[in-house]
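Here the structure comes first, spelled out in structure tokens, and everything after it is commentary.
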Amino acid sequence: MGTGDIAIPAFQSLIDSEYNLLGLVTQPDKPVGRKQLLTPPKIKELALQHDLPVWQPEKAKSKAFLTELEALAPDIIIVMAYGQILTQRLIDIPTNAIINVHASLLPLYRGASCIQGPIADGHDQTGVTIMHVVKALDAGDIILQRTTPISPEDTGGSVHDRLAEQTPDALLEALAQLSSGTATRTPQIEEDSTYAPKLLRNDGELDFSRSATELERLIRAYHPWPGTFFPYTDKKGKTKRLKVFPPVSVHSTSHPIGQPLIEDNKLLIGCGDNSTLELTLVQPEGSKAMPASDFLKGNPFG
RNA sequence: CGCGGGAUGGAGCAGCCAGGUAGCUCGUCAGGCUCAUAACCUGAAGGUCAGAGGUUCAAAUCCUCUUCCCGUAA
């Protein structure tokens with residue numbers, strides 16, 4: 001069961017493996033894009049290419065769907081970036097195990113923004129966890145984990161891709177252990193758990209009262225999703241959003257907080273803790289992304 | 001037709017509402033100044049104003065249609 005692109009390498013590895021894949025459960029096609037075209041998840045296309053059955057229940061807890069799934073009598077259910085909460089009845093279906101692949105080092109960063117969280121918080125590593133599914137979100141016993149370092153240049157996108165590539169190996173290892181009965185179960189330490197809530201577009205608004213160091217990490221963590229921005233007033237007096245892309249640089253000079261200023265053809269913004277952020281790549285609403293120096297040529301602030 | 005912004009020399013923009021010489025900040029090239037320079041001075045090249053049709057003596061500008069780009073929409 002999976003929907004997000006991060007699950008694609010893992011799914012491909014299952015297709016290529018000896019295991020008997022019964023099919024894919026993914027989210028229904030959703031309207032997407034400017035024209036709101038109904039678009040299927042990419043992973044669905046992959047399943048169809050290999051003639052695998054695909055289920056797209058509106059609600060994974062619906063009786064009709066659960067009955068169908070029970071009829072399949074799977075040994076193991078694998079869940080990764082599926083996007084729906086699973087009921088106990090579904091968890092009880094597989095005869096061997098139901099396992100989840102989660103893109104963080106649990107018990108840290110349970111929840112949807114598990115990739116962005118550790119980058120924004122300045123951790124030097126993250127990873128994938130494979131664990132048993134229980135009713136409580138991302139709280140099951142751990143089978144195994146794989147770590148990956150976070151570099152100062154890493155973005156949400158780069159870490160996402162690396163974790164996606166790392167998953168097949170970890171998953172196949174966990175499956176091998178489960179089928180041979182050698183898998184271990186390590187309970188999560190509840191007191192150490194943290195939660196990373198689902199991100200929305202507006203969560204990317206930059207709060208310049210925070211330090212430039214924190215904001216720099218946030219800008220990397222939220223790239224490309226959900227992106228970061230701050231409001232500005234254009235020449236016509238309209239308030240628009242200016243999207244900010246990495247990389248950005250941190251300076252230790254002090255300026256008024258949230259005040260954009262131009263110095264030496266560079267776009268600087270004063271932040272909290274006597275620090276300043278230098279933006280290098282921005283995108284005004286209705287326009288393409290451009291170097292900050294280009295933006296300044298025709299869009300002077302004030 | 002989901003909502004909205006946009007298309008003007010290589011880049012970013014102004015000009016459009018009140019039609020009538022193609023403008024600004026840069027970049028490029030040439031020359032000058034300088035020990036020297038990404039700095040400064042002078043000059044030059046480079047645009048079918050996205051495309052098509054219409055109105056007009058005259059359209060970047062007004063009207064209609066088309067194409068393309070972007071934001072929003074998880």
Heavy-atom contact window of chain A on RNA chain B, given 5' to 3' at under 4.0 Å =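 Endpoints of the contacted stretch of RNA chain B: rG2(B) to rA74(B).
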
request  = Can you tell me which stems RNA chain B forms, taking runs of 3 or more consecutive Watson-Crick or G-U pairs with both distances under 3.5 Å?
outcome  =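 Ordered by first number, the stems with RNA chain B (at least 3 consecutive pairs each) read B:2-7 with B:67-72, B:10-13 with B:23-26, B:28-32 with B:40-44, B:50-54 with B:62-66.
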
ask   = Which pairs, with at least one residue in residues 185-212 of chain A and sequence neighbours excluded, count as a ring-ring contact (aromatic ring centres under 6.0 Å, His included)?
value =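 Residue pairs with at least one partner in residues 185-212 of chain A: F208(A)-F230(A).
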
message = If the condition is salt bridge (Lys or Arg N to Asp or Glu O under 4.0 Å), which residues does D5(A) pass it with, not counting sequence neighbours?
response =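 Scan of D5(A) (salt bridge (Lys or Arg N to Asp or Glu O under 4.0 Å), adjacent residues dropped) gives K42(A).
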
inquiry  = Checking Q177(A) now: which residues fulfil side-chain hydrogen bond (donor to acceptor under 3.5 Å, both in side chains) with it, not counting sequence neighbours?
reply    =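 Partners of Q177(A) by the side-chain hydrogen bond (donor to acceptor under 3.5 Å, both in side chains) criterion, ordered by chain and then number, come out as E173(A).
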
message = Which residues pass the side-chain hydrogen bond (donor to acceptor under 3.5 Å, both in side chains) test with Q188(A), not counting sequence neighbours?
response =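 Q188(A): side-chain hydrogen bond (donor to acceptor under 3.5 Å, both in side chains) contacts with R110(A).
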
Side-chain donor-acceptor pairs of residues 64-81 of chain A under 3.5 Å, sequence neighbours excluded:
unit_1	atom_1	unit_2	atom_2	d
T67(A)	OG1	K63(A)	O	2.7
E68(A)	OE2	W55(A)	NE1	2.8
E70(A)	OE1	R89(A)	NH2	3.1
E70(A)	OE2	R89(A)	NE	3.0
D75(A)	OD1	T95(A)	OG1	3.1

message = Could you check whether atom CD of E58(A) has more than 12 heavy atoms from other residues, nucleotides or ligands sitting under 6.0 Å from it?
response =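 Result for CD/E58(A): open.
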
Where at least one partner belongs to residues 17-28 of chain A, residue pairs that pass side chain to side chain donor-acceptor pair (under 3.5 Å), sequence neighbours excluded =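 Checked against side chain to side chain donor-acceptor pair (under 3.5 Å) - neighbours excluded - the pairs reaching residues 17-28 of chain A are T3(A)-T26(A), Q27(A)-Q84(A).
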
Using a 3.5 Å cut-off and no angle test, enumerate the donor-acceptor pairs between side-chain atoms of residues 162-172 of chain A and protein atoms at least two apart in sequence or in another chain.
unit_1	atom_1	unit_2	atom_2	d
R162(A)	NH1	T148(A)	OG1	3.1
R162(A)	NH1	P149(A)	O	2.8
R162(A)	NH2	D154(A)	OD1	2.4
R162(A)	NH2	D154(A)	OD2	2.6
Q166(A)	NE2	T147(A)	O	3.0
T167(A)	OG1	L163(A)	O	2.7
D169(A)	OD2	R146(A)	NH1	2.4

ask   = If you measure from the C1' atom in rG15(B) to the same atom in rG54(B), how many Å do you get, rounded?
value =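 Nearest-Å result for rG15(B) against rG54(B) at atom C1': 23 Å.
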
Whichever of E285(A) and K240(A) has its nearest RNA chain B nucleotide further upstream toward 5' =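 Mapping each residue to its closest nucleotide by heavy atoms, the 5'-most match is K240(A).
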
